[in-house]
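Below is one structure, written out as structure tokens; the observations come after it.
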Amino acid sequence: MEWKDGRLQLPNVTLMAMTSVNVRQTIKAMQYSMRQIDFGDCVLITHRKPFFLPKGIRYAHTSKLTNIDCFNYKMLYELGDYIHTDFVMVVHADGFIVHPEMWRDEIISVLRGRFRRMISHTGTSTGICVGSATAWESAAGGL
């Protein structure tokens with residue numbers, strides 16, 4: 001775990017949110033999650049680019065998420081198209097990073113062996129999910 005100038009360095013992790021509702025709140029959740037962490041990338045995936053998108057958060061387009069089934073499908077089958085780092089941390093308007101000082105490098109090690117079990121929780125959880133982008137692509141391709 002590396003800290004630089006009081007900020008946790010996670011260059012191989014993308015902070016990501018996908019939504020078509022509560023966009024302003026989702027951006028606030030991303031900003032709050034970024035307050036003490038430098039991620040390799042930060043991306044908001046939504047159907048319309050917000051005018052108020054802050055610097056440091058990249059916009060990526062998707063069609064409008066009309067229901068939970070659409071969200072689940074995109075999270076499973078399309079998420080890998082947007083992630084350019086080894087790992088992804090998914091946040092929501094109501095689920096975001098509160099205590100970055102609790103980060104442990106062991107989190108990444110655990111993911112390498114247990115990711116497939118976590119994948120079933122990504123679409124229904126309102127919390128945070130961390131996953132391997134490579135495993136995400138593999139799991140989506142194998143379903």
Side-chain angles (χ1 to χ4, degrees), residues 1-140:
M1 176 169 47
E2 181 183 343
W3 288 79
K4 183 178 179 183
D5 299 324
R7 297 179 61 79
L8 177 60
Q9 303 298 300
L10 296 177
N12 62 339
V13 178
T14 295
L15 180 70
M16 187 281 298
M18 182 185 296
T19 190
S20 286
V21 298
N22 301 323
V23 174
R24 188 176 297 274
Q25 295 91 331
T26 300
I27 291 171
K28 292 286 186 192
M30 292 181 77
Q31 288 178 299
Y32 194 84
S33 298
M34 296 164 63
R35 74 194 188 292
Q36 292 180 12
I37 304 174
D38 290 328
F39 290 97
D41 191 17
C42 297
V43 60
L44 173 67
I45 305 165
T46 189
H47 66 286
R48 189 178 317 143
K49 184 175 182 177
F51 292 114
F52 48 86
L53 190 66
K55 183 179 178 182
I57 299 177
R58 176 172 60 89
Y59 163 77
H61 183 79
T62 190
S63 57
K64 188 168 184 172
L65 304 169
T66 55
N67 57 48
I68 191 67
D69 292 333
C70 180
F71 174 83
N72 289 343
Y73 180 89
K74 288 178 178 287
M75 286 293 291
L76 185 59
Y77 293 104
E78 298 177 12
L79 183 62
D81 297 340
Y82 303 102
I83 307 303
H84 309 298
T85 58
D86 296 332
F87 298 93
V88 59
M89 184 171 296
V90 180
V91 296
H92 306 278
D94 62 350
F96 47 90
I97 300 168
V98 177
H99 292 287
E101 71 277 5
M102 300 295 291
W103 179 267
R104 300 293 177 262
D105 289 338
E106 294 80 25
I107 293 170
I108 299 294
S109 298
V110 169
L111 289 175
R112 294 175 205 254
R114 298 186 183 177
F115 183 78
R116 281 192 175 273
R117 195 175 76 193
M118 290 176 63
I119 197 99
S120 65
H121 300 293
T122 59
T124 57
S125 172
T126 58
I128 298 169
C129 176
V130 183
S132 160
T134 303
W136 212 292
E137 291 170 4
S138 299

Show which side-chain atoms of residues 21-31 pair as donor or acceptor with protein atoms under 3.5 Å away, not counting sequence neighbours.
from	atom 1	to	atom 2	distance (Å)
Thr26	OG1	Asn22	O	2.8

Any side-chain heavy-atom pair from [X] and [Y] closer than 4.5 angstrom?
X	Y	result
Glu78	Ile45	no
Pro100	Arg35	yes
Leu65	Lys74	yes
Trp103	Leu10	yes

For the NE2 atom on His99, are there more than 12 heavy atoms of other groups (residues, nucleotides or ligands in this structure) within a distance under 6.0 Å? no

Quick one: do Ile57 and Met34 satisfy side-chain contact (heavy atoms from CB on, under 4.5 Å)? Show the steps, please. CA-CA 10 Å; Ile57 299 177; Met34 296 164 63; 3.9 Å; yes

Nearest heavy-atom contact between Leu53 and Lys49 is CD2-CE, 4.4 Å

The ring-ring contact (aromatic ring centres under 6.0 Å, His included) partners of Tyr32 (sequence neighbours excluded) come to Phe96

For the atom pair [atom1] ([X]) and [atom2] ([Y]), what is the distance rounded to the nearest 0.5 Å?
X	Y	atom1	atom2	answer
Phe39	Asn12	CZ	CG	11.0 Å
Ser20	His47	OG	NE2	4.5 Å
Thr62	Met18	OG1	CE	5.5 Å

side-chain contact (heavy atoms from CB on, under 4.5 Å) with Arg58: which residues, sequence neighbours excluded? Asp41, Val43, Ala60, His84

